[in-house]
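Residue numbers run from 1 in the order of the sequence given.
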Amino acid sequence: MSRNTALRVVSLTQSSGVELNAYLVLDEKPARIDQKLKTLSEYVQQYPSGWKKRLELANLLYAMGHIEQAVEEYRQVIDRQQPLIGVRLQLGKLLQLMGREVEAIAVYESASAHARNEATRQHISGSIALCRNDTQAAILAFESAASLEPDNAAHWLALGQVQMGRGDAVAALRAFDTVLSLNPDDVVALIDSYDASQAVGNVRQAQRRLSKVLEVAAGDFRALKRLADTRCRIRLVSGEEGKQTKKIISSVLQLAPDAADARELLAYYHVFRGESANGVGVLERFTEEHPNHPRGWYSYGRCLFHTGEYQKAAEAMLKAYRLYPQDCEIYRALCEILPLASPPVPQDPPQPPLTRGELEQAKSSNCKGGTPLEVPLFKGDLGGSHRQVTLASIVEEMLDRFPQRWSVWTTAGRVLVESFQEIDRGCAVSVRGTQLEPQLPDAWFGHGRVLALAGKQREAVEALAQGWQLLPEEGGYLQSVSAAVWLGESYRVLGDEVASRKWLEKACQSQELMEFDPAMAGYWQGRALLGLGDVTEAVEAYRSALSRRLLYPFRGEVEEAVKRLKGKRRKGDRAKA
């Protein structure tokens, strides 16, 4: 994307009625585009048999977000000029975005039949595999295309995006770095690389990539959104800095007034200013305006969860789940929210084998006795419409739908251990994440945490230490503080006070998290200080986290800890007296 381009965010309505946002590139100013649309429309009506101006019209309609009209015009172009491979790929992409995968596959297959280049055919095969939800086949196809044409950035970008989509941020980052080696100013690759760098915890590299994006495309929606998110996270929400943050958010909202993630920025801006009701209200109004937008319900559910409204959060997230059960993050959010939504009710845990053909039989026998929420699913969601949602069923479906995503296995393992006390199986499930992503520190840290919760402290130390060895050499890793605390706590349980103090002190010394998220930094510092026996400083760190609007569920934990620690100090003072 050049310096003169901008981004338009449009809402796509899939055949199921579900609304999704798409990000489209605009090469010209809106006023010029409107005039051009009028001119091209008149020309096409006057000369209906031509294809060149019709193709310009189709591209313009696409850029303006008129997707249905663009699809029809692209079809007309293909009817008039058969060999146009690029047009077929564009049409296939739009149909894929709209959830019309069968039509998209037909278009892609016709494009492949006309393609003379093997790399192009492999790329098309990757797109077809994505339509069929075969991520592994898509990766192999894009890898093949990239090996045949290593200087074609499109192959590497597609590969990186598929890798990122399945949670393989390490491999994704390698692909995006290759794109940037071919074109250092590629805005899409820079933004994707920023996200991948964040995912692997390399904060400093992520910030460099964001700075580059803002240098190359200062008005880009995605760049401004990430900048605003960063400013909110470090709590630049009051005074002159707060005004600047609000100005950036206003620019994002102006670019994309109907985008859920734009409204989410405004919501959290209010939350971090101590205006939780206003923040939640922003997203509540969005769901009223866009009742079929799963991202809106997801954002609303997360915001409710982060403000302590667990029951309402579960209801909102279940709405997102019903609308769009293809989103892995909705399942993971439900695994986090449902156990807190209401007093736990005994139920049987999910049982293997978790294969699609055996899901219904497993559900009927394993999901007894109720759950935090029992809500009938809509017809079409992995089974009949009379089935009930339970925490167990969510775990089963999540593992069945997303078996190639490491975070799913860690999440499921933690649920099995914490909510069902299925210790052995929970640990066995969790370790699968490290097998899928053996070079990702987070996979080892997540597995180590599950082992620690299961009481397997020695194994937990080994897993956490393995993750620590994989940290970037330059430092600045987000999870290093929490991992150090977990190591310190596990060593203390094992009776190794020397090792415990070493890791807890290391957690207290880290400054990277303070720069990235001061509220969470205060939480982890307080926890480390408490492990070191420094109650006074721990309380101060916890109070600092609370003053910076620490989010729930951590906020609830800290509030209870502060009350408990203050009570202990008062008892100690009375005993001394």
Side-chain angles (χ1 to χ4, degrees), residues 135 166-171 199-201 328-340 344 347-355 359 362 366-367 371 390-471 477-491 493-494 503 553-554:
T135 302
R166 76 165 188 171
D168 191 348
V170 175
V200 301
C328 172
E329 292 309 307
I330 292 175
Y331 282 85
R332 294 186 65 221
L334 283 170
C335 286
E336 188 176 10
I337 295 169
L338 286 178
L340 300 175
Q347 60 173 318
D348 290 342
Q351 298 292 332
L354 299 174
T355 59
L359 272 176
N366 291 330
C367 300
T371 65
T390 67
L391 182 58
S393 72
I394 289 294
V395 171
E396 290 178 17
E397 291 172 19
M398 180 174 68
L399 290 173
D400 181 64
R401 280 186 177 272
F402 314 104
Q404 295 303 314
R405 302 194 185 190
W406 71 269
S407 58
V408 159
W409 294 91
T410 302
T411 299
R414 181 162 183 166
V415 171
L416 288 165
V417 168
E418 284 195 307
S419 297
F420 299 110
Q421 290 75 52
E422 286 284 300
I423 304 302
D424 291 338
R425 184 170 175 238
C427 295
V429 165
S430 178
V431 77
R432 176 66 177 150
T434 67
Q435 295 166 353
L436 288 169
E437 287 293 330
Q439 298 302 312
L440 186 63
D442 270 350
W444 288 99
F445 291 154
H447 179 50
R449 186 59 181 151
V450 171
L451 290 168
L453 291 169
K456 298 178 179 288
Q457 302 299 336
R458 194 164 299 283
E459 294 92 331
V461 163
E462 293 174 359
L464 292 167
Q466 177 65 30
W468 193 273
Q469 293 298 317
L470 296 170
L471 290 175
Y477 187 76
L478 292 182
Q479 288 288 355
S480 62
V481 179
S482 56
V485 172
W486 291 333
L487 277 162
E489 291 175 346
S490 291
Y491 272 117
V493 173
L494 291 172
W503 285 105
F554 297 101

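- Using a 4.5 Å heavy-atom threshold, the side chains of Q479 and P441 count as separate.
- Counting only heavy atoms from C-beta outward, the side chains of L451 and W486 never approach each other to under 4.5 Å.
- In this structure, H447 and T410 approach most closely via the heavy-atom pair N-CG2, 4.1 Å.
- Of the possible polar contacts, one joining the T434 side chain to the V431 backbone as a donor-acceptor pair under 3.5 Å is found.
- Nearest approach of V395 to A412, heavy atoms of both residues: CG1-CB, 4.0 Å.
- Side-chain atoms of S430 do not come within 3.5 Å of backbone N or O of G426 as any donor-acceptor pair.
- Atom CD in Q404 sits 10.0 Å away from atom CD in E437 (nearest 0.5 Å).
- For the residue pair L391 and P339, the shortest heavy atom distance occurs at CD2-CG, 3.9 Å.
- One finds the OG atom of S490 at 10.5 Å from the CD atom of E459 (value rounded to the nearest 0.5 Å).
- Side chains of C328 and V408 form a contact here, defined as non-hydrogen atoms less than 4.5 Å apart.
- Taking every heavy atom of both residues into account, L471 and S480 meet most closely at CD1-CB, 4.2 Å.
- Contact detail for L487 and A465: the closest heavy-atom pair is CD2-N, 4.1 Å.
- I394 and C335 get closest at one heavy-atom pair: CG2-SG, 4.0 Å.
- No side-chain donor from either of E396 and S393 sits under 3.5 Å from a side-chain acceptor of the other.
- Judged purely by distance below 3.5 Å, without hydrogens or angles, the side chains of R332 and T411 pair a donor atom with an acceptor atom.
- Using a 4.5 Å heavy-atom cutoff, the side chains of D168 and V170 are in contact.
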### Query
Passes side chain to side chain contact (heavy atoms under 4.5 Å, CB included), K456 versus I423? Steps please.
CA-CA 9 Å; K456 298 178 179 288; I423 304 302; 3.9 Å; yes
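- Each ring-ring contact (aromatic ring centres under 6.0 Å, His included) pair with one or both residues in residues 390-412, not counting sequence neighbours, appears once here: Y331-F402.
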### Query
What do the steps show when you test W444 against L464 for side chain to side chain contact (heavy atoms under 4.5 Å, CB included), and what is the final call?
CA-CA 6 Å; W444 288 99; L464 292 167; over 6 Å; no
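- Comment: R414 engages E418 in a salt bridge, judged by a side-chain N to carboxylate O separation of less than 4.0 angstrom.
- Taken to the nearest 0.5 Å, the CG atom of L453 stands 12.5 Å off from the CG atom of L416.
- One distance of note links CD of Q439 with CD of Q469; it measures 12.0 Å at 0.5 Å rounding.
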### Message
Using the rule given for side chain to side chain contact (heavy atoms under 4.5 Å, CB included), can you reason through L440 versus V200, listing the C-alpha separation, both sets of side-chain angles and the distance that settles it, and then say yes or no?
### Response
CA-CA 7 Å; L440 186 63; V200 301; 3.9 Å; yes
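- Under the 3.5 Å distance criterion, the side-chain polar atoms of Q457 are matched with a main-chain donor or acceptor of A452.
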